[in-house]
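Every heavy atom of this structure was used, including side-chain atoms; hydrogens, water molecules and symmetry mates were not. Labels below follow one simple rule: chain letters A, B, ... track the order of the sequence lines, proteins then strands, and each chain is numbered from 1.
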There are 2 protein chains.
Amino acid sequence: MNSRFSLAVHILSLLAQQPEDRLTSEFLAMSIGTNAVVIRRLMAYLRKADLVTSKGAAGGGWMLARPAAKISLAMVRVALEEEVALRMHKNRPHPDCSVGQGLNDALGLVYGHVDTVIDEALGQMSVADVLADALTKVRVPEKTKRT
Amino acid sequence: MNSRFSLAVHILSLLAQQPEDRLTSEFLAMSIGTNAVVIRRLMAYLRKADLVTSKGAAGGGWMLARPAAKISLAMVRVALEEEVALRMHKNRPHPDCSVGQGLNDALGLVYGHVDTVIDEALGQMSVADVLADALTKVRVPEKTKRT
DNA sequence: TTTACCGTAACAATCTTTGTGACAAATCCA
DNA sequence: TGGATTTGTCACAAAGATTGTTACGGTAAA
């Protein structure tokens with residue numbers, strides 16, 4: 001399992017917070033605590049799905065390609081091409097095993113259904129929603145935190 | 001991502017097919033095409049969740065602890081303690097990043113919801129259902145397959 | 001034409017999962 | 001009781017996936 005979805009939502013939230021400006025990969029990497037190449041690698045998927053635009057020159061960087069409210073989490077998931085919540089095991093069943101033969105097909109149906117259900121759930125939440133939610137939860141500053 | 005869920009359902013289907021007999025780890029491993037230790041490692045979770053029983057001696061092996069129709073796929077998922085379809089990224093956000101602070105909490109809510117939805121979907125299907133489905137899909141024998 | 005970016009390939013480092021061997025513990029059966 | 005069978009689990013190797021890093025080419029703005 002990977003954490004690209006979380007990373008993507010994090011980045012999209014940052015972009016949503018400053019819809020006017022282009023943010024550089026370097027800046028995003030700093031904010032999140034990783035490397036700029038990791039950001040670019042990930043953003044390639046989001047760009048392909050028309051969720052963000054990039055510009056590669058001085059003053060360049062990343063922007064949302066549309067309002068944050070119009071980017072659902074399901075779109076993000078689809079963009080990342082990670083539409084499998086459960087994975088098939090890939091051992092070859094013994095040829096005499098009658099269950100093994102049909103099981104993959106049966107499981108395939110189940111997994112397809114699960115993925116549909118996930119997308120329905122994620123389809124109801126937008127990046128704007130997540131950002132708003134995150135901002136209401138900002139931790140109290142250090143000063144007031146003691147004792 | 002791992003494929004333990006698929007493996008578990010496969011094994012449970014095999015046990016469901018012969019509710020009277022105890023099947024050994026060795027036999028299950030052969031049927032599925034893996035190692036007996038892998039089976040035991042996995043079954044430890046299912047046993048802890050009271051889905052199967054084991055007996056360690058001559059004539060021993062594994063059996064379902066209840067009828068296959070009473071084992072939902074959601075129970076299997078819970079038993080495997082894999083209740084996270086999406087994973088948090090664990091980079092420390094930069095302290096000045098106001099989004100980063102609250103984002104984990106916001107994502108946590110989202111992920112919790114997704115997991116709930118998955119369990120609802122899997123709760124409606126039993127091992128007996130999967131087995132029945134698998135058996136209707138048995139591939140045609142080699143002979144009739146050609147041309 | 002220099003500068004500040006992105007794009008991507010290549011490779012290293014890390015983490016996770018799966019496979020394997022070894023051996024103790026439990027239980028059955030003669 | 002003793003031997004055979006099977007689980008339970010540890011330890012470690014192998015394989016695979018993900019993430020981090022360096023390097024370098026391309027592109028557009030100033």
Side-chain angles (χ1 to χ4, degrees), chain A residues 1-8 10-11 15 18 21-49 51-65 80-82 84-94, chain B residues 1-8 10-11 14-15 21-49 51-65 80-82 84-94:
Chain A
M1 200 192 297
N2 62 45
S3 55
R4 293 206 306 250
F5 182 83
S6 299
L7 206 56
H10 196 151
I11 294 171
L15 297 179
Q18 304 188 50
D21 308 333
R22 285 195 179 277
L23 305 185
T24 69
S25 302
E26 204 63 53
F27 172 82
L28 293 168
M30 288 301 237
S31 297
I32 291 178
T34 181
N35 187 290
V37 176
V38 174
I39 303 289
R40 296 199 187 107
R41 195 144 62 196
L42 180 69
M43 297 305 270
Y45 289 96
L46 302 185
R47 176 158 29 83
K48 198 159 64 170
L51 302 183
V52 298
T53 63
S54 65
K55 216 168 76 173
W62 300 92
M63 281 181 80
L64 295 186
L80 296 179
E81 299 169 15
E82 298 193 337
V84 258
L86 298 164
R87 195 172 66 181
M88 221 67 97
H89 74 87
K90 50 190 173 301
N91 301 323
R92 293 264 193 76
H94 193 282
Chain B
M1 201 193 294
N2 62 45
S3 54
R4 293 204 307 248
F5 181 84
S6 298
L7 205 55
H10 196 151
I11 294 169
L14 288 171
L15 297 179
D21 307 334
R22 286 198 178 274
L23 305 184
T24 69
S25 302
E26 204 63 55
F27 172 82
L28 293 168
M30 288 303 237
S31 297
I32 291 178
T34 182
N35 189 291
V37 177
V38 174
I39 302 288
R40 295 198 188 108
R41 196 145 60 196
L42 180 68
M43 298 304 270
Y45 289 96
L46 303 184
R47 175 158 29 84
K48 197 160 62 171
L51 302 183
V52 299
T53 64
S54 65
K55 215 167 76 172
W62 301 91
M63 279 181 83
L64 295 187
L80 297 179
E81 298 168 15
E82 298 194 335
V84 259
L86 297 164
R87 194 173 66 180
M88 221 67 95
H89 74 86
K90 49 188 173 302
N91 301 324
R92 294 263 193 77
H94 194 283

Handout entry: Non-hydrogen side-chain atoms of B:Trp62 and B:Thr53 separated by less than 4.5 Å
Key = no

Problem - Whole-Å distance separating the CE atom of B:Met43 from the C1' atom of D:dT7 - result: 11 Å

Handout entry: Rounded distance (Å) that lies between atom C1' of D:dT18 and atom CG of A:Leu80
Key = 14 Å

Exercise for the section: Please determine if a side-chain N or O atom of B:Ser54 lies less than 4.0 Å away from the OP1 or OP2 oxygen of D:dG8. Expected result: yes

Problem - Cation-pi geometry met for B:Arg22 and B:Phe27 (6.0 Å, 45°) - result: no

Exercise for the section: Give one of base, sugar-phosphate or nothing for B:Arg41, where a contact means two heavy atoms less than 4.0 Å apart. Expected result: base

Handout entry: Minimum heavy-atom distance A:Leu46-A:Ala8, with the two atoms named
Key = CD1-CB, 4.2 Å

Practice task
Starting at atom NZ of B:Lys90, determine the distance to atom P of C:dC15, rounded to an integer number of angstrom.
Solution key: 8 Å

Fill in the blank from the handout: One should read off an interatomic distance between A:His94 NE2 and B:Ser31 OG, to the nearest 0.5 angstrom, of 7.5 Å

Problem - Comparing B:Ala44 and B:Gly59 on DNA chain D - which has the more 5′ nearest nucleotide - result: B:Gly59

Completion exercise
Contacts of A:Arg40 meeting side-chain contact (heavy atoms from CB on, under 4.5 Å) (sequence neighbours excluded), chain-then-number -> A:Ser25, A:Ala36, A:Val37

Handout entry: A:Leu7 CG to D:dG20 C1', straight-line distance once rounded to whole Å
Key = 12 Å

Problem - Contact under 4.0 Å: B:Asn91 side-chain N or O vs D:dT19 OP1/OP2 - result: no

Exercise for the section: Working to the nearest 0.5 Å, report the span between OG of B:Ser3 and NZ of A:Lys90. Expected result: 5.5 Å

Completion exercise
B/S/- along nucleotides 23-30 of chain D (protein heavy atoms under 4.0 Å) is ---BBBS-

Handout entry: Nearest-nucleotide pick for A:Arg87, side chain only, options being D:dT19, C:dG7, C:dT18
Key = C:dT18

Practice task
Can you tell me the distance, in whole Å, between the CZ atom of B:Arg92 and the P atom of D:dT19?
Solution key: 18 Å

Practice task
Under the side-chain contact (heavy atoms from CB on, under 4.5 Å) rule, collect the residues that match up with B:Met30, sequence neighbours excluded.
Solution key: none

Practice task
Taking only the side-chain heavy atoms of A:Asn35 (C-beta and beyond), determine which of D:dT22, C:dG19, C:dT18 contains the nearest atom.
Solution key: D:dT22

Exercise for the section: Tell me which residues in residues 21-32 of chain A put a heavy atom below 4.0 Å from DNA chain C, sorted by number, or none. Expected result: A:Thr24, A:Ser25

Handout entry: Protein-nucleotide distance (A:His89, atom NE2; C:dT16, atom C1'), rounded to Å
Key = 19 Å

Problem - Those residues that, when tested against A:Lys48, pass side chain to side chain donor-acceptor pair (under 3.5 Å) (two or more places apart) - result: A:Glu81

Problem - Side-chain touch B:Leu15/B:Val52, heavy atoms, less than 4.5 angstrom - result: yes

Handout entry: Whole-Å distance separating the CZ atom of B:Arg47 from the C1' atom of D:dG8
Key = 7 Å

Practice task
Using side chain to side chain donor-acceptor pair (under 3.5 Å) as the criterion, list what pairs up with B:Ser6, not counting sequence neighbours.
Solution key: A:Tyr111

Exercise for the section: Write down the distance between CD1 (A:Ile39) and C1' (D:dT21), rounded to a whole number of angstrom. Expected result: 14 Å

Practice task
Considering just the side-chain nitrogens and oxygens of A:Ser3, establish if one lies under 4.0 Å of OP1 or OP2 belonging to D:dT19.
Solution key: yes

